[in-house]
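Accompanying notes for the structure given below.
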Amino acid sequence: MDDSPLIRERIEKLAAWRADGIEPYPWSFPGRRPTSEARQRAERLGAGEADAGPPVRVAGRLRAVRVHGRTAFFDLEDAAGRLQLIVRSDEVGTDRFDGWVRRFDPGDLLGADGRPARSKRGELSLDVTELTLLAKAIAPPPEKFHGLQDAEERLRRRYVDLLASPDVRARFRLRARLERAMRAYFDDHDFLGVETPVLLPVASGAAAAPFLTHSNWLDETLQLRIALELPLKRLLVGGLERVYEVGPCFRNEDADTTHHPEFTMVEAYWAYADYHDMRGLIEGLFSRLAEVAADGAPPSSPAAQAAEAFRPPFRTIDFVEALEERSGLSSVPELSIEALRAEVARFDPSVPSDAPVGKLLDRLFAQYVEPTLDAPTFVVDHPLATTPLAKAHRSKPGRVERFELFYRRFELANAYTELNDPIEQERRFREQLSGRPDDRYAYDADFLEALRYGLPPSTGVGFGLDRIALAFTGAASIKDVILFPQVRRR
RNA sequence: GGGCCCGUAGCUCAGCUCGGUAGAGCAGGCGGCUCUUAACCGCAAGGUCAGGGGUUCGAAUCCCCUCGGGCCCGCCA
């Protein structure tokens, strides 16, 4: 691992520091200020001037070194940005100058003391009086101009991707800002942030393959949750009325640009409200998130475009009407399963002969309508067959009270008026159990027991935080907004 | 699961079509330069061409297999 000549050279430099009695991994660097502070003070100066005020101390990673005879320019980068250090031999002394130039390498973490200054070319700088090695990097960083480009290495060694690319750091900062704004939005609307179990005897609330693990204590197989839905609804039964949770869920399925086996789910449940109320809440949330994303972003950026697009009210289309309009089919709700299968087979000959009605309708919608859903769009009132956990529509027979929010052709959020009839819920669970094995919802007897105590009329919503980040950062793949995505072992 | 593409120095990339001693830039080494900013100039060094097998006098290059990755399709609330 450490047999590269480049690493050996750096280890030799490290030994040289120690030989001079300087610890290359010191314990602390008190009084350090962000580089932005030095830049702000330097901004007031003319080219070639130095600030006569108190000295400033900064710390960060050495990104580039330009030695120009007896003057050297170091680019130091911290979380606040980049600062040029001007190191002059006649200021710091010949011996120290030569030692620093020889022993500091790009990638090293170092501290600097000096006076804010502007170079003769006007660059915001620090006129250095002292440099301190804070941690020697013995591995060389990626090339300074292109950074780390190899897609595989960027995922496997995210720390290198991050240290080499301010853009990548900015993307994950934006993700964190979106999460914070989202929590604040729910908090401000009197939703209670809660945490429910990740480890469960049976993962339920969605149709997805779970990951399995084992409890030594219980000597039982446990499953990692695939959704947050059922525990949160239990909390409504318990009288908490408005709850939300943000946390990881796990689905033992393939990854692609919008799916990842480990992802961050957000779900919120609201008692004494229906899906119309939820649509208003979600419209407000997403327009707020888009504003947050656009704050400080350039006008043509994906975030700025999103802020423009997510201005309420969002377009609303009826599932069946949109499908009929786009596909040319008529009376879709009356079509037999044979007719639906024949329609799907026109573009997908491999459609399984036992595909249920709900799946066929989803396929048709995905084929004809989803590709047109670039702008934020609520798709409402799905056929009952596609949605087993939602409450039947109060006025449209054969439909449920549900909406999905689409943007850039993928689903961003999914909500319904919740089914709260315990008898009906049990019937639907049993119906699912008799379906295809990979299609079933896990039967959750304790949840049915909870419903018997009375779940208020309620609405709930779920969405993937990763997809929010994907939509508002303009990233190409969900892996680009997950710090450490799953990768196959080499 | 199917198709297409990629893997060459620590990093960014040429070279592969048409087989003939492995190239550049950055980073690192040595030397020069007191205001550069992808600094610049000179010298020297740096390789399991992803791995394995095959064809051939000769393979980074052609063929097959394997590993890893990307894109598209399929699957997936």
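Here is how names work: the chains are called A, B, and so on, in the same order as the sequence lines, proteins then strands, and each is numbered from 1.
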Write out a two-atom table: protein N or O, nucleotide N or O from nucleotides 14-16 of chain B, distance below 3.5 Å.
none

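- Applying a 4.0 Å cut-off to non-hydrogen atoms, the residues of residues 97-108 of chain A that approach RNA chain B are A:Arg102, A:Asp105, A:Pro106, listed by residue number.
- Here A:His260 pairs with nothing under the ring-ring contact (aromatic ring centres under 6.0 Å, His included) rule; sequence neighbours left out.
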Identify all side-chain donor-acceptor contacts of residues 458-468 of chain A below 3.5 Å with residues at least two apart in sequence or on another chain.
| unit_1 | atom_1 | unit_2 | atom_2 | d |
| --- | --- | --- | --- | --- |
| A:Ser458 | OG | A:Pro456 | O | 2.6 |
| A:Thr459 | OG1 | A:Tyr416 | O | 3.0 |
| A:Asp466 | OD1 | A:Thr264 | N | 2.7 |
| A:Asp466 | OD2 | A:Arg175 | NH1 | 3.0 |
| A:Asp466 | OD2 | A:Arg175 | NH2 | 3.3 |
| A:Arg467 | NE | A:Thr258 | O | 3.1 |
| A:Arg467 | NH1 | A:Glu411 | O | 2.9 |
| A:Arg467 | NH2 | A:Thr258 | O | 3.1 |
| A:Arg467 | NH2 | A:His259 | NE2 | 3.4 |

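- Screening residues 141-170 of chain A for ring-ring contact (aromatic ring centres under 6.0 Å, His included) gives no qualifying pairs among residues at least two apart or on separate chains.
- Residues passing the ring-ring contact (aromatic ring centres under 6.0 Å, His included) test with A:Phe403 are A:Phe378, sequence neighbours excluded.
- Judged as a side-chain hydrogen bond (donor to acceptor under 3.5 Å, both in side chains), and not counting sequence neighbours, the contacts of A:Arg88 are A:Asp90, A:Asp127.
- Listed by first and then second residue, the side-chain hydrogen bond (donor to acceptor under 3.5 Å, both in side chains) pairs involving residues 38-48 of chain A are A:Thr35-A:Arg39, A:Arg41-A:Asp51 (not counting sequence neighbours).
- The stretch residues 465-490 of chain A participates, sequence neighbours left out, in these ring-ring contact (aromatic ring centres under 6.0 Å, His included) pairs: A:Phe310-A:Phe472.
- With sequence neighbours excluded, no residue forms a side-chain hydrogen bond (donor to acceptor under 3.5 Å, both in side chains) with A:Arg10.
- Residues from residues 150-159 of chain A with heavy atoms under 4.0 angstrom of RNA chain B, sorted by number: A:Asp150, A:Glu152, A:Leu155, A:Arg156.
- Taking A:Phe73 as the reference, nothing meets the ring-ring contact (aromatic ring centres under 6.0 Å, His included) condition, with sequence neighbours excluded.
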